[in-house]
Protein chains: 2
Amino acid sequence: MPEQLNDQTLDKQFAFLREIDQLKSVIRKSPLIDKSRRENSAEHSWHLAMYALILKDSSDKEINIERVIKMLLIHDIVEIDAGDHPIHETVDNKTQEEAEQKAADRLFGLLPTSQGEELKALWYEFEAAETNDAVFAKSLDRLQPLIHNVATNGGSWIEGNVSHEQVKQRYGSVISAGSKRIWNLVQKLVGQYFHR
Amino acid sequence: MPEQLNDQTLDKQFAFLREIDQLKSVIRKSPLIDKSRRENSAEHSWHLAMYALILKDSSDKEINIERVIKMLLIHDIVEIDAGDHPIHETVDNKTQEEAEQKAADRLFGLLPTSQGEELKALWYEFEAAETNDAVFAKSLDRLQPLIHNVATNGGSWIEGNVSHEQVKQRYGSVISAGSKRIWNLVQKLVGQYFHR
């Protein structure tokens with residue numbers, strides 16, 4: 001339900017759109033494919049939305065692709081306050097979860113109330129990874145850095161000293177929950193990389 | 001209509017998703033709001049998709065917000081081959097148009113045929129700026145750099161020596177075609193900037 005449209009609504013919306021510009025300065029572990037630098041979370045979010053648009057027919061379960069795209073557009077916004085936490089690093093999950101929930105309250109709280117609540121609910125749905133849409137979104141979020149690591153001959157796996165077995169564990173379950181087809185194909189790429 | 005799903009389909013889709021990583025290295029004139037560097041076209045595309053998601057109720061005409069978001073996700077992909085052409089620079093329009101069409105053929109041509117044709121058609125629709133969806137998408141593409149220029153105390157207007165009158169001309173018609181409400185509000189911001 002749209003709120004009543006007035007200048008105050010627009011002011012809040014612009015404040016949010018200005019604030020999230022900071023996602024362009026959150027730097028991830030994954031390299032760009034040309035290895036020129038590391039990827040930031042804003043361009044990563046764009047790339048994931050494109051992954052969803054292109055790979056939508058590979059989801060094992062029925063999905064609403066538009067919801068998946070929206071989920072992926074907002075999935076990392078909490079990192080503006082809570083930072084990026086790569087899968088190959090140990091982290092205090094409870095502290096991290098609390099920091100992200102606080103970030104979601106602050107950032108989505110900049111928006112008009114009902115719009116902010118709607119997006120926060122979508123972010124919680126992504127985090128919970130239970131609905132078909134969230135499971136597919138999560139699988140793409142795990143897939144894209146794998147593609148970059150293979151394409152850059154190791155990428156963040158080299159720094160993190162990650163083994164073939166660890167890649168299969170840390171990526172396989174999440175990717176194959178969304179699409180067994182995709183995991184079947186990419187595990188061949190992963191195998192080729194580790195046997196080189 | 002999805003093509004038959006097989007490994008060749010996925011290979012083509014992955015080739016496209018790897019290729020468009022280069023959009024992260026196309027640098028625009030607009031600064032980030034913290035002025036730390038210029039924006040690239042991939043993170044700009046993410047930001048525009050977020051503009052659409054947040055400002056959807058401000059469109060003057062009825063729109064399909066999911067189509068607008070998809071349009072904005074792909075609107076700059078041709079820049080991988082054809083480069084970014086800022087509005088405050090003179091450019092040979094015919095040469096530029098030909099370069100972009102060639103880029104669209106090559107890049108969307110990496111995809112399975114029907115998927116590539118569908119996205120190319122969506123990009124042409126954006127470029128033609130005739131449908132409601134394209135008019136609103138174009139207005140957001142003009143709005144976002146304006147917000148950055150105001151927030152950074154001039155941004156690319158200073159380098160380009162752009163006057164208040166030129167801003168009204170170059171931004172006003174496109175933004176107000178999508179949303180008179182938004183233009184009414186932002187022209188106040190623009191006025192405040194130029195009277196400082």
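Below, chains carry the letters A, B, ... as their sequence lines are ordered, and counting in each starts from 1.
In the model, A:Glu43 has a side-chain atom that pairs as donor or acceptor with a side-chain atom of B:Asn40 under 3.5 Å.
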Audit row: A:Phe14, B:Ile182, side-chain contact (heavy atoms from CB on, under 4.5 Å) steps and yes/no:
CA-CA 10 Å; A:Phe14 282 138; B:Ile182 290 179; 4.1 Å; yes

May I have the step-by-step check of side-chain contact (heavy atoms from CB on, under 4.5 Å) for B:Leu10 and A:Val186, ending in yes or no?
CA-CA 10 Å; B:Leu10 267 188; A:Val186 297; over 6 Å; no

Would you check, one step at a time, whether the test side-chain contact (heavy atoms from CB on, under 4.5 Å) holds for B:Met50 with A:Phe16?
CA-CA 10 Å; B:Met50 287 300 304; A:Phe16 175 79; 3.8 Å; yes

What verdict does the side-chain contact (heavy atoms from CB on, under 4.5 Å) test give for B:His148 and A:Arg18, after you've listed the backbone C-alpha separation in whole Å, the side-chain angles of each residue and the deciding distance to 0.1 Å?
CA-CA 8 Å; B:His148 282 226; A:Arg18 274 189 293 257; over 6 Å; no

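By the rule that hydrophobic residues join a cluster once side-chain heavy atoms approach within less than 4.5 Å of another member, B:Phe136 and B:Tyr124 end up as members of one cluster. Linking ILVMFWY residues whenever their side-chain heavy atoms come closer than 4.5 Å, directly or via other members, places B:Ile74 and B:Tyr51 in the same cluster. Hydrophobic clustering places B:Ile158 together with B:Leu146 (ILVMFWY residues linked when any side-chain heavy atoms are closer than 4.5 Å, directly or through intermediates). A:Met71 and A:Val174 fall into different hydrophobic clusters, defined by Ile, Leu, Val, Met, Phe, Trp and Tyr side-chain heavy atoms under 4.5 Å apart, directly or through other members. There is a path of hydrophobic side-chain contacts, each under 4.5 Å, that joins B:Val150 to B:Leu48.
Shown here is A:Gln8, whose CD atom has no more than 12 heavy atoms of other residues, nucleotides or ligands within 6.0 Å.
Per-residue counts of heavy-atom pairs under 4.5 Å with chain A were compared for B:Ser58, B:Ser41, B:Ser45, B:Ala151; the largest is that of B:Ser45. Annotation: maximal heavy-atom pairing with chain B below 4.5 Å, among A:Ile20, A:Asp7, A:Asp11, A:Leu111, occurs at A:Ile20. Between chain A and the options B:Gln13, B:Glu39, B:Lys56, the largest number of non-hydrogen pairs under 4.5 Å is found for B:Gln13. By number of non-hydrogen pairs under 4.5 angstrom with chain A, the leading residue of B:His44, B:Gln144, B:Glu66 is B:Glu66.
Here the side chains of B:Gln22 and A:Asp34 are not in contact, with every heavy-atom distance at 4.5 Å or above. B:Leu119 places a side-chain heavy atom less than 4.5 Å from the side chain of A:Leu53.
Using a 4.5 Å cut-off between heavy atoms, B:Lys188 contacts chain A through its side chain alone, with no backbone atom that close. Both the backbone and the side chain of A:Leu17 come within contact range of chain B, judged by heavy atoms closer than 4.5 Å. If you measure heavy-atom distances from B:Ile69 to chain A, the contacts under 4.5 Å come from the side chain alone.
Expressed to the nearest 0.5 Å, how far CZ of A:Arg37 lies from NZ of B:Lys24 amounts to 8.0 Å.
Every residue was checked against the salt bridge (charged side-chain N to carboxylate O under 4.0 Å, His left out) condition with A:Arg181, not counting sequence neighbours, and none meets it.
Between the side chain of B:Asp21 and the backbone N or O of A:Leu32, no donor-acceptor pair lies under 3.5 Å. A:Trp46 contributes a side-chain N or O that, together with a main-chain N or O of B:Leu73, makes up a donor-acceptor pair within less than 3.5 Å.
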